[in-house]
Every structure is written in C-alpha cells, then in structure tokens.
K.L.:
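I have a structure I would like to understand better, so I am pasting it below and will then ask my questions one at a time.
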Amino acid sequence: RAEALAAKFTESDYDFKGLVHDICMSKTYQRSTQRNESNATDENNFAHQNVRRIKAETVLDVISEVTNTKDKFRGLPLGARAVQIADGSTSDYFLTTFGRATRETACSCEVKMEPTLSQALHLMNGDTVNNKIRQGGVIATLKGQGLEPPQIVEQLYIRCLCRRPTAEEQAALAPMFAEGSNVEQGFEDVFWALLNSREFLFNH
C-alpha cells in the first residue's frame, strides 16, 4: 500500500493535499478503535485504530475553539492557532505540560503523547480551562438565547463532543439545575467536565 501511495503521489505531480485526502479516506485510516474477534490481539497490521491523546497544540486549539477564546503566541497575532507556531522555542506552560516538541530534530519521537498526572492536574485545576470557560462567554450566549437548562447542556455536548447527551447523561445532570441550585455554576461544571473528558481529549 505504501508503494501504491508513493506511485500515486508521483503521478499527481506531488499533490500533497491529494495524498492527505487519499490517506484520510482510506479504510485503514478510518478503522474503529473497537476491536472484534478477528483483530482483538492484532497490534501489527493496522487492523484497528488505537486510542491516543490529541497532540498538545491541537488540544489547546480545540479548547480555545469550543470556549470561543483566543491565544497570543510570540511572533503571531492574537487569535493565531498553536499549530501555526513554527519556532520550537516558542511555548507556554500548557503546551510544555502536554508534550509539545522542541523541534530540535526532525524525529516525531520528540512529541510526547503519554498522558501524565501533570496534564490531568492542569486541566482540572489550572488556569487554562477555567479561565477560558469564563472569558469566552459561551454559557452567557446560550442563556441569552432563552434556552432551558437541558437545551444548554445539549448545546455544550454538541460543542465539545459533537453529539447530544444520552438520556442517562441528561438525567444524571438534571439535579444540578433543580430549583434552588446554583444554575450558573452547574453550567460551568458541565462545560469543565466535558473539556476534561476522555472523549474530548482522545482520538477514538
């Protein structure tokens, strides 16, 4: 298959976008992470996809996207994406914690993809997620549209996970918005939990 891709890449006059398109549209690339009887123990033949954490730059970019906030990196305008950073020495605490490569070599082994305790603690207690939730105004915007709590929860799920909450998830969250509860805090907690979820942080 590698030979076929190489041949097509050459025939297309080195159309890089076309090469990426062909790879992304392949059955191998689109395989599910859920194993079946035929590939349960197969680790060598790309018979299934592997669950893996999203890279540092992409994690920060998607958090900024769903919270409607902008980042400022050295040498780039406000609102530039972390994936646009070309200088390996340009970083911040979040990117360093999540294993951004220093780009001292061309080896992809510089990128650290293993989940760590520091990453989990920063997402749960650090400034990045909490500040972005408050600064972006997503919850205020949804409330301003006159939506009911279950509808706002649904919009947060769609925004973060690209799916609606299940009936069980809605039922589990309902007490957070009962009469007498701190509804605003409830929305922030749901948003925070979604941004900390495995479903949000991992390709699966």
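Keep in mind it's a predicted model, so treat the numbers as computed, not measured.
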K.L.:
Using every non-hydrogen atom in the two residues, find where Leu76 and Arg81 come nearest and quote the distance to one decimal.
P.N.:
CD1-O, 4.4 Å

K.L.:
Would you say the side chain of Leu156 lies within less than 4.5 Å of the side chain of Leu142, judging by non-hydrogen atoms?
P.N.:
yes

K.L.:
Would you compute the distance between atom CG of Leu19 and atom OG1 of Thr10 and round it to the nearest 0.5 angstrom?
P.N.:
10.0 Å

K.L.:
Quick check against the 3.5 Å criterion: does Glu188 have a side-chain atom that pairs as donor or acceptor with the backbone of Ile133?
P.N.:
no

K.L.:
Rounded at 0.5 Å granularity, tell me how far CD1 in Ile85 sits from CZ in Phe73.
P.N.:
4.5 Å

K.L.:
How far apart are the C-alpha atoms of Asn68 and Thr141, what are their side-chain angles, what is the distance that settles it, and do they pass the side chain to side chain contact (heavy atoms under 4.5 Å, CB included) test?
P.N.:
CA-CA 11 Å; Asn68 197 29; Thr141 299; 5.9 Å; no

K.L.:
Heavy-atom count around Gln34 CD within 6.0 Å, excluding the residue itself: above 12?
P.N.:
no

K.L.:
Counting C-beta onward and ignoring hydrogens, is there a side-chain heavy-atom pair between Ile152 and Val190 closer than 4.5 Å?
P.N.:
no

K.L.:
List the residues meeting salt bridge (Lys or Arg N to Asp or Glu O under 4.0 Å) with Lys143, not counting sequence neighbours, and say none if there are none.
P.N.:
Glu184

K.L.:
Measure the CG-OG1 distance between Asn131 and Thr69 for me, rounded to the nearest 0.5 Å.
P.N.:
9.5 Å

K.L.:
To the nearest 0.5 Å, how far apart are CZ in Arg198 and CG in Asn196?
P.N.:
13.5 Å

K.L.:
Which pair of non-hydrogen atoms, one from Val59 and one from Val62, has the smallest distance, and what is that distance?
P.N.:
O-CG2, 3.1 Å

K.L.:
Taking all atoms of both residues into account, what is the closest heavy-atom pair of Leu95 and Ala82, and its distance?
P.N.:
CD2-CB, 4.3 Å

K.L.:
Evaluate whether atom CD of Glu65 has more than 12 neighbouring non-hydrogen atoms of other residues, nucleotides or ligands under 6.0 angstrom away.
P.N.:
no

K.L.:
Residues in salt bridge (Lys or Arg N to Asp or Glu O under 4.0 Å) with Asp71, at least two apart?
P.N.:
Lys132

K.L.:
According to ring-ring contact (aromatic ring centres under 6.0 Å, His included), does anything in residues 155-185 pair up with another residue at least two apart or in another chain? List the pairs.
P.N.:
Phe177-Phe187

K.L.:
For Met176, does its backbone N or O pair with a side-chain atom of Ser181 as donor and acceptor, under 3.5 Å?
P.N.:
yes

K.L.:
Could you give the distance from OG (Ser26) to NE2 (His21), rounded to the nearest 0.5 Å?
P.N.:
10.5 Å

K.L.:
Does one hydrophobic cluster hold both Phe202 and Ile63, with members joined at side-chain heavy-atom distances below 4.5 Å?
P.N.:
yes

K.L.:
Once rounded to the nearest 0.5 Å, what's the spacing between atom CZ of Arg159 and atom SG of Cys162?
P.N.:
11.0 Å

K.L.:
Quick one: list whatever passes salt bridge (Lys or Arg N to Asp or Glu O under 4.0 Å) with Asp22, sequence neighbours left out.
P.N.:
Lys8

K.L.:
Is it the case that one hydrophobic cluster holds both Ile54 and Leu161, taking links as side-chain heavy atoms less than 4.5 Å apart, direct or via other members?
P.N.:
yes

K.L.:
Among pairs that include at least one residue of residues 164-177, which meet salt bridge (charged side-chain N to carboxylate O under 4.0 Å, His left out), considering only residues two or more places apart or in two chains?
P.N.:
Glu154-Arg164, Arg163-Glu169

K.L.:
For Val153 and Pro165, work out which heavy atoms get closest and say how close.
P.N.:
CG1-CG, 4.4 Å

K.L.:
Under the ring pair (Phe, Tyr, Trp, His ring centres under 6.0 Å) test, which residues partner Tyr14, sequence neighbours left out?
P.N.:
Phe9

K.L.:
Applying side chain to side chain contact (heavy atoms under 4.5 Å, CB included) to Phe200 and Leu194, what does each step give before you reach the verdict?
P.N.:
CA-CA 7 Å; Phe200 180 81; Leu194 291 172; 5.9 Å; no

K.L.:
Any donor-acceptor pair under 3.5 Å linking the side chain of Asn36 with the backbone of Asn39?
P.N.:
yes

K.L.:
Around Lys17, counting heavy atoms of other residues, nucleotides and ligands shown, do more than 12 lie under 6.0 Å from its NZ?
P.N.:
no

K.L.:
Do Thr58 and Val83 come close enough that some side-chain heavy atom pair is under 4.5 Å?
P.N.:
yes

K.L.:
Are Asn130 and Phe191 packed together at the side-chain level, in the sense that at least one heavy-atom pair is separated by less than 4.5 angstrom?
P.N.:
no

K.L.:
Which atom pair, heavy atoms only, marks the closest approach of Pro150 to Gln170?
P.N.:
O-NE2, 3.1 Å

